[in-house]
Amino acid sequence: MPPPSGIEPNHCPRLLANFIHPGKDRDGDHLCLVTDVMGGDVKSLQVKVAGKEGLPLPLVKRILLHTLWGLAHMHHCQIVHTDLKHDNIMFDTGSITQDDIARFIKTDPARRHPPEESWECVVQAAVSQPLPLPSLSEAMTRTYIVSDFGSAQPSTLHTTNEITAYSLRAPEIILQGPWDNKVDIWAFGCLIFEFIIGGSLFVYKPYPEYMLDEPTGHLWQMLCFTRERMTREQVNSSNLGAQYFDLTVKPNDIDNPFCDLKAHPPVFNNPFARSLRNYKVLEEADVLATAKIMQRCLRLNPKDRATAEELLQDPWWHGAA
């Protein structure tokens, strides 16, 4: 399916070939997919090159713009990634040549890990041999690709509802409600913050002082950051909605479309701009522009979130390539 005009199809992996590798005992055969050689992933870049700190804003915009092109292409093809995160965004090899790779392999020959038990047999996995990581300035020349489609699902045919890393998980997934490609948009909004700051926007943890377990604490953070309220309609359409939210209708609330967490914790006003500003890594104009695009992604109701194509038109990308 060709992408619409203006959407780059080059930010998803290319399937070059495939082959079957025989498995052991009852493991069955393995289908192996051949893609382009990748230079590494954004998690390695942020941890090993940036020292677990946030990345420079121009680099963040380049990585995320390429990621958004990839998302727009797969969403156009009716595919939801469901596992968008740092280590599933990779970059190309840049100026590294085939001869360079041959020299790396000669210096660091292929080898296997010690034998280990796996199901009903002993296996020896190959040792990973990553290529040298680029500097942050070199990273500005790389092309970024959304990778690892092992958890991807068709938009209208879901094989599992247990998707996305906890800190990047959309509210409809916590509530076990209906979901679509907007779960990728929620994760994308979280990654904007994480790439700039170097830490998670949402933390999956309990708040015993307010009698909140991990998932309820996560939902509570969402209410505080988005400054939105959950609708009764969204809660009622979810399998676990009534477990977390109070749907009791009081006489004076008959026309109230919203509901609150059962534990009734205090809801603090903690907008995205304040969270970004606290880290003192952005100029005020960038704080406001970044908070605005995050807000377009991080809406409690998935119907209110922007699509990938709509986000590509956001002024935040001015000057990014």
Side-chain angles (χ1 to χ4, degrees), residues 2-3 6-19 21 30-74 77 79 81 83-113 125-152 165 184 187-188 191-192 194-196 198 308 312 317 319-321:
I7 293 182
E8 293 280 347
N10 304 322
H11 300 279
C12 295
R14 292 191 308 160
L15 180 62
L16 304 179
N18 65 83
F19 60 92
H21 181 74
H30 302 283
L31 173 62
C32 302
L33 309 179
V34 181
T35 67
D36 293 301
V37 175
M38 293 288 104
D41 59 66
V42 173
K43 181 177 181 179
S44 297
L45 191 67
Q46 190 156 20
V47 171
K48 297 179 180 179
V49 180
K52 298 185 181 181
E53 300 293 331
L55 298 169
L57 186 59
L59 178 56
V60 169
K61 289 188 177 184
R62 180 178 179 85
I63 295 170
L64 289 174
L65 179 59
H66 292 191
T67 300
L68 194 57
W69 275 329
L71 285 179
H73 179 56
M74 71 180 77
C77 296
I79 297 296
H81 190 279
D83 196 23
L84 191 66
K85 56 183 178 180
H86 301 66
D87 36 352
N88 284 343
I89 302 172
M90 306 196 77
F91 46 84
D92 66 8
T93 55
S95 60
I96 296 175
T97 65
Q98 291 283 357
D99 289 340
D100 293 329
I101 294 174
R103 282 193 292 272
F104 295 145
I105 294 175
K106 185 175 181 179
T107 303
D108 184 19
R111 59 194 183 279
R112 295 180 180 274
H113 287 288
V127 175
S128 179
Q129 295 170 277
L131 295 172
L133 290 170
S135 65
L136 293 180
S137 59
E138 290 171 333
M140 279 295 294
T141 68
R142 298 297 180 92
T143 297
Y144 293 85
I145 297 164
V146 183
S147 66
D148 194 350
F149 282 65
S151 299
D184 288 341
F188 183 84
L191 289 179
I192 296 174
E194 294 194 9
F195 285 1
I196 294 172
L312 285 170
W317 306 112

Using modelled atom types only, decide if a donor and an acceptor are shared between the side chain of [X] and the backbone of [Y] within a distance under 3.5 Å.
X	Y	result
R142	M90	no
Q46	E53	yes
T93	M38	no
E138	G94	no
R14	T35	no

Kindly write out the residues that satisfy salt bridge (charged side-chain N to carboxylate O under 4.0 Å, His left out) with K85, not counting sequence neighbours, or none if the list is empty. D83
Residues which pass salt bridge (charged side-chain N to carboxylate O under 4.0 Å, His left out) with D87, listed by chain and number, not counting sequence neighbours: none
Would you please test L191 and I89 for side-chain contact (heavy atoms from CB on, under 4.5 Å) and show each step? CA-CA 11 Å; L191 289 179; I89 302 172; 4.2 Å; yes
Side-chain donor/acceptor pairs under 3.5 Å, residues 102-109, sequence neighbours excluded:
residue : atom : partner : partner atom : Å
R103    : NH2  : D100    : OD1          : 2.2
T107    : OG1  : R103    : O            : 2.9
D108    : OD1  : R111    : NH1          : 2.5

Nearest heavy atoms of [X] and [Y], plus distance in Å:
X	Y	result
A126	H113	O-CD2, 3.6 Å
P13	S147	CG-CA, 4.0 Å
L312	A72	CD1-CB, 4.1 Å
A139	P134	N-CB, 4.1 Å

Test item: [X] and [Y] side chains (from C-beta on) under 4.5 Å apart, heavy atoms:
X	Y	value
N18	L31	yes
I96	V37	no
N10	I145	no

What is the distance from atom [atom1] of [X] to atom [atom2] of [Y], rounded to the nearest 0.5 Å?
X	Y	atom1	atom2	answer
I192	I196	CD1	CD1	7.0 Å
L136	L55	CG	CG	6.5 Å
R62	T143	CZ	OG1	5.5 Å

Under the side chain to side chain contact (heavy atoms under 4.5 Å, CB included) test against D184, which residue among T67, L68, L71, V146 passes? L71
Start with the C-alpha distance between I101 and L131, add both sets of side-chain angles, then the distance that settles side-chain contact (heavy atoms from CB on, under 4.5 Å), and finish with yes or no. CA-CA 8 Å; I101 294 174; L131 295 172; 4.2 Å; yes
Run the numbers on W317 and L64 for side-chain contact (heavy atoms from CB on, under 4.5 Å), then give the verdict. CA-CA 9 Å; W317 306 112; L64 289 174; 3.7 Å; yes
What is the ring orientation for F195 with H86, classed by angle as parallel under 30°, tilted 30 to 60°, or perpendicular over 60°? perpendicular
Can you tell me how the ring of H81 sits relative to the ring of F149, calling it parallel under 30°, perpendicular over 60° and tilted otherwise? perpendicular
From CA spacing to verdict: side-chain contact (heavy atoms from CB on, under 4.5 Å), F91, T141: CA-CA 10 Å; F91 46 84; T141 68; over 6 Å; no
